[in-house]
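Single-structure report; data block below.
Heavy atoms only: backbone and side chains are in, while hydrogens, waters and symmetry mates are out. Since we're looking at a predicted model, the values are computed, not measured.
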Amino acid sequence: MSGKFLDSEKQRGSKWSELPNKEDDVYVPLLNAFKGELERQNCLFGKDIPRLMVEYLLGEFDFYKVIGIDNKKITQIQSYNLRGTLNRQGKKRKRSVELPISTLPTRIVSLEYKPDSKNTLELYLDGGWQFSFRIHNASTKVESSLKFDIQIIGMPTTIISIDCRWK
């Protein structure tokens, strides 16, 4: 696969759905290049790459993630306390719950294709961090711009989840 292939299909006005082997012709080569580069960076910079990857994916600041699960009538609150800035002790008021600081990873355990998939890589890091990287086209017509849908599929036990039930 090359940029020339995508450019020629774009000029033809092709749709992604019309490409007979978009996974083999486009997705797999791009995912292999991404995988190879991540492995190369990991060899060059060692334990910094897993940490930097998680910091990049989750952002610069600690945060709470609020998830509404309407069919179960639950609001879930997750604390991503990677730097210890959440739930700090006040001067006048003491905290009632202490949130642990999550340890960032230092090692790539595995970076492989999701079983029976040609469009998703799964990244497993030490400390319980797990992410999936699904590559996809964002438009109907062929273009050279593709996107990753990145999902956290596993997290350390220090990411505290609180379920709040409602009626």
Residue pair Asn87 / Ser79, side-chain heavy-atom distance below 4.5 Å: no
Remaining members of the apolar cluster that contains Tyr124, side-chain heavy atoms under 4.5 Å: Val109, Ile153
Distance in Å, Ser161 OG paired with Gln78 CD, rounded so as to fall on 0.5 Å steps: 4.0 Å
ILVMFWY network linking Leu44 to Leu38, side-chain heavy atoms under 4.5 angstrom: yes
Residues forming a side-chain hydrogen bond (donor to acceptor under 3.5 Å, both in side chains) with Asn119, sequence neighbours excluded: Ser117
Closest approach of Asp62 to Gly84 (non-hydrogen atoms, all atoms of both residues): OD2-N, 3.1 Å
Other residues, nucleotides, ligands: >12 heavy atoms within 6.0 Å of Glu60 CD: no
Under 3.5 Å donor-acceptor, Asn42 side chain and Ile49 backbone: no
Minimum heavy-atom distance between Tyr80 and Lys65, given as atom pair plus value: CE1-CB, 3.9 Å
Nearest-0.5 Å distance, OG1 of residue Thr140 to CD of residue Glu18: 10.5 Å
Interatomic spacing from NZ in Lys147 to CZ in Arg134 - rounded to 0.5 Å: 12.0 Å
Validation row: Lys118, Tyr27 side chains within 4.5 angstrom (heavy atoms): no
Note, Leu57 side chain near Phe133 side chain (heavy atom, < 4.5 Å): yes
Within one Ile-Leu-Val-Met-Phe-Trp-Tyr cluster: Leu104 and Ile160, side-chain cutoff 4.5 Å: no
In one Ile/Leu/Val/Met/Phe/Trp/Tyr side-chain cluster, 4.5 Å: Leu82, Ile150: yes
Flag for Thr158-Asn81: side-chain donor and acceptor within less than 3.5 Å: no
Pairwise side-chain contact, Asp163 with Lys72, heavy-atom cut-off 4.5 Å (strictly under): no
Reported OH-to-CG distance for the pair Tyr64 and Leu99, which is rounded to 0.5 angstrom: 5.0 Å
Single-linkage hydrophobic cluster, 4.5 Å side-chain cutoff, Val66 and Ile74 together: no
Lys/Arg-Asp/Glu bridge criterion (N-O < 4.0 Å) met for Asp48, Arg51: yes
Distance-minimising heavy-atom pair for Leu86 and Phe63: CD1-O, 3.5 Å
Greater than 12 external heavy atoms within 6.0 Å of Asp116's CG: no
Residue list, side chain to side chain contact (heavy atoms under 4.5 Å, CB included) with Glu98, at least two apart or on another chain: Arg95
Side chain proximity check, Lys10 to Lys141, heavy atoms < 4.5 angstrom: no
Main-chain N/O of Thr103 paired with Trp129 side-chain donor or acceptor, under 3.5 Å: yes
Separation between CG of Leu31 and OH of Tyr113, rounded to the nearest 0.5 Å: 4.5 Å
Check: Thr106 and Pro50 side chains under 4.5 Å, non-hydrogen atoms: no
Taking every non-hydrogen atom, the tightest pair across Phe34 and Leu121: CD2-CD1, 3.8 Å
Residue pair Ile108 / Met53, side-chain heavy-atom distance below 4.5 Å: no
Cluster link Val97 to Ile162, ILVMFWY, side chain under 4.5 Å: no
Contact check, side chains of Leu30 and Phe148, non-hydrogen atoms, under 4.5 Å: no
Nearest-0.5 Å distance, CG of residue Leu125 to CE of residue Met155: 13.5 Å
Shortest non-hydrogen contact from Arg83 toward Phe61: NH1-C, 3.6 Å
Lys15 versus Val142, closest heavy-atom pair with distance: C-CG2, 3.8 Å
